[in-house]
Amino acid sequence: MPELPEAETIVQGLAGPVTGQEIQGARILKADVIQGGASAFRNGVLGRSIRQVSRRGKNIVLTLDDAHRLVVNLGMSGRLLHRSHQDPSPPPTHPAVIMELGHGETLVYHDVRRFGRLHLMDAPTYGDWSAGLGPEPLGPRFTAPRLAADLARSVSPIRSWLLDQRRVVGVGNIYANEALHRARIHPQVPASRIPSSAVPALHRSIRKVLRDAIRARGTTLRDYRTAQGDQGSYGTQLRVYGREGEPCHRCRESIQRIVFGNRSAFLCPGCQPPPEE
DNA sequence: CGTGCCCCCTGTCAGC
DNA sequence: TGCTGACAGGGGGCAC
């Protein structure tokens with residue numbers, strides 16, 4: 001579910017409320033979301049303070065005062081919610097982990113499908129993990145020349161390439177499809193067959209879609225919520241994702257849905273010609 | 001090694 | 001109304 005814009009929005013909503021707070025209690029209701037064992041997790045977080053809230057790709061990273069990192073991957077349906085004592089909103093329906101912060105405040109990991117994971121890492125482990133991921137698409141190391149060089153080394157369909165977090169982080173199925181439509185590239189074009197002249201447009205499209213989605217506080221299709229439980233509004237700006245049969249805003253042709261790599265891809269057959277042969 | 005396919009799990013919705 | 005199957009923002013594991 002949540003891609004970079006959703007994770008970024010959660011980080012922005014969480015930083016103020018939880019930075020500096022001590023984790024005074026940890027109730028693990030669904031142990032299968034904890035990577036590496038529930039008791040090690042509980043022992044590792046109890047009594048620690050949250051020093052910083054940040055993000056690596058789609059993952060939310062809580063840096064603790066002993067330099068350990070609590071990495072939260074939201075999977076398809078995960079939410080990371082800050083709740084205060086007098087919170088008027090109804091209590092979460094599928095809490096998996098509840099961390100108590102004192103003053104009646106809680107940090108709740110909520111996940112219906114439980115594809116998400118909470119992983120407590122020591123500093124070296126975090127470094128290794130992060131080093132295995134691709135560049136941040138909104139960061140300085142993600143440049144059009146680097147993208148062109150990286151694309152040239154893979155025969156994967158470009159949509160699959162964009163979803164691979166070792167290549168570039170943070171792009172998921174919604175924003176991959178949106179960026180490819182803007183760049184007028186068919187999702188099944190092999191990465192290495194994208195002409196270098198087309199790479200700057202793809203680079204620009206990826207960054208624009210992600211930035212615009214952050215501004216809209218993400219896309220809520222069903223499960224995603226901000227740290228305060230609110231919905232994101234980028235759904236109204238989607239040009240292809242979920243619009244099968246509706247007209248392309250550019251050329252009025254009917255948006256198509258195709259399936260490969262076990263996932264739906266959405267495209268405009270007028271704007272995004274299929275790869276030859 | 002790179003690539004593609006299956007599966008993890010629960011909920012919702014369309015079609016019958 | 002209720003059943004069945006398809007499908008859903010992700011990613012790990014495994015076969016080739």
Side-chain angles (χ1 to χ4, degrees), chain A residues 1-11 29-36 55-60 71-80 92-97 109-119 129-130 132-134 137 150-181 187-193 206 209-210 212-214 216-226 230-245 257-266:
Chain A
M1 141 219 174
E3 311 181 27
L4 185 152
E6 290 74 30
E8 176 64 27
T9 301
I10 291 168
V11 167
L29 307 174
K30 303 287 180 183
D32 54 357
V33 304
I34 306 287
Q35 189 89 9
R55 174 187 66 69
R56 179 76 172 100
K58 307 171 183 177
N59 302 275
I60 296 155
V71 176
V72 180
N73 184 290
L74 299 164
M76 292 285 261
S77 57
R79 301 176 184 173
L80 196 55
T93 53
H94 294 70
V97 177
Y109 180 66
H110 178 277
D111 195 347
V112 173
R113 297 176 71 182
R114 303 200 306 282
F115 286 173
R117 291 293 178 265
L118 273 61
H119 194 170
W129 171 79
S130 180
L133 297 175
D150 290 348
L151 289 173
R153 286 189 273 104
S154 171
V155 300
S156 286
I158 181 61
R159 199 279 308 262
S160 305
W161 194 97
L162 290 170
L163 296 187
D164 187 338
Q165 303 296 294
R166 295 169 303 182
R167 269 71 182 257
V168 59
V169 293
V171 181
N173 204 28
I174 291 180
Y175 302 116
N177 280 284
E178 292 298 308
L180 289 169
H181 176 259
Q188 287 180 299
V189 173
S192 59
R193 285 178 50 189
I206 292 167
V209 164
L210 295 176
D212 288 352
I214 289 171
R217 320 203 71 217
T219 304
T220 296
L221 298 180
R222 36 175 77 73
D223 295 307
Y224 161 69
R225 295 294 185 278
T226 71
D230 301 320
Q231 302 193 16
S233 66
Y234 191 75
T236 60
Q237 298 178 55
L238 296 174
R239 297 191 181 183
V240 288
Y241 189 89
R243 296 192 63 242
E244 182 180 17
R257 182 175 78 93
I258 61 176
V259 178
F260 66 96
N262 268 338
R263 317 191 65 172
S264 292
F266 296 89

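Chain letters run A, B, ... following the sequence lines, proteins first and then strands; every chain starts at 1.
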Nearest-Å distance, [atom1] ([X]) to [atom2] ([N])?
{"X": "A:Arg167", "N": "C:dG11", "atom1": "CZ", "atom2": "C1'", "answer": "14 Å"}
{"X": "A:Asn73", "N": "C:dG12", "atom1": "CG", "atom2": "C1'", "answer": "11 Å"}
{"X": "A:His119", "N": "C:dG12", "atom1": "NE2", "atom2": "C1'", "answer": "13 Å"}
{"X": "A:Leu221", "N": "C:dC7", "atom1": "CG", "atom2": "C1'", "answer": "12 Å"}
{"X": "A:Asn262", "N": "C:dG10", "atom1": "CG", "atom2": "C1'", "answer": "12 Å"}
{"X": "A:Asp223", "N": "C:dC7", "atom1": "CG", "atom2": "C1'", "answer": "13 Å"}
{"X": "A:Arg263", "N": "B:dC6", "atom1": "CZ", "atom2": "P", "answer": "15 Å"}
{"X": "A:Leu162", "N": "C:dG11", "atom1": "CG", "atom2": "C1'", "answer": "16 Å"}

Output the single nucleotide from [options] whose closest atom is nearest the side chain of [X].
{"X": "A:Arg257", "options": "C:dA8, C:dG10, B:dG4", "result": "C:dA8"}
{"X": "A:Lys58", "options": "B:dC5, C:dG11, B:dT3", "result": "C:dG11"}
{"X": "A:Pro157", "options": "B:dG4, C:dA8, B:dC5", "result": "B:dG4"}
{"X": "A:Arg166", "options": "B:dT3, C:dG10, C:dG11", "result": "B:dT3"}

Could you go step by step and tell me if A:Tyr234 and A:Glu6 meet the side-chain hydrogen bond (donor to acceptor under 3.5 Å, both in side chains) rule?
CA-CA 10 Å; A:Tyr234 191 75; A:Glu6 290 74 30; over 6 Å; no
Gap between atom [atom2] of [Y] and atom [atom1] of [X] - 0.5 Å precision:
{"X": "A:Ile206", "Y": "A:Glu178", "atom1": "CD1", "atom2": "CD", "value": "13.0 Å"}
{"X": "A:Asp230", "Y": "A:Tyr224", "atom1": "CG", "atom2": "OH", "value": "9.0 Å"}
{"X": "A:Leu74", "Y": "A:Ile10", "atom1": "CG", "atom2": "CD1", "value": "5.0 Å"}

For C:dA8, take OP1 and OP2 only and decide whether either is under 4.0 Å from a side-chain N or O of A:Ser264.
yes
Does A:Ser154 put a side-chain nitrogen or oxygen below 4.0 Å from OP1 or OP2 of B:dT3?
yes
I'd like to know if the side chain of [X] reaches the main chain of [Y], judged simply by a donor and an acceptor atom lying under 3.5 Å from each other, with no hydrogens or angles considered.
{"X": "A:Gln165", "Y": "A:Gly134", "value": "no"}
{"X": "A:Arg159", "Y": "A:Phe260", "value": "yes"}
{"X": "A:Asp150", "Y": "A:Arg167", "value": "no"}

Using the P atom as the reference point in each nucleotide, state the distance between B:dC6 and C:dA6 in Å, no decimals.
13 Å
Taking the same atom, P, in C:dC3 and in B:dC9, what whole-Å distance lies between them?
23 Å
Output field dot_bracket for DNA chain C (Watson-Crick or G-U, both distances under 3.5 Å, | for other-strand pairs) contains .|||||||.|||||||
side-chain contact (heavy atoms from CB on, under 4.5 Å) with A:Leu80: of A:Asp111, A:Val11, A:Val72, only one passes, and it is A:Val72
Once base and sugar-phosphate atoms are separated, protein heavy atoms under 4.0 Å mark nucleotides 9-16 of chain B, 5' to 3', with B, S and - as BBS-----
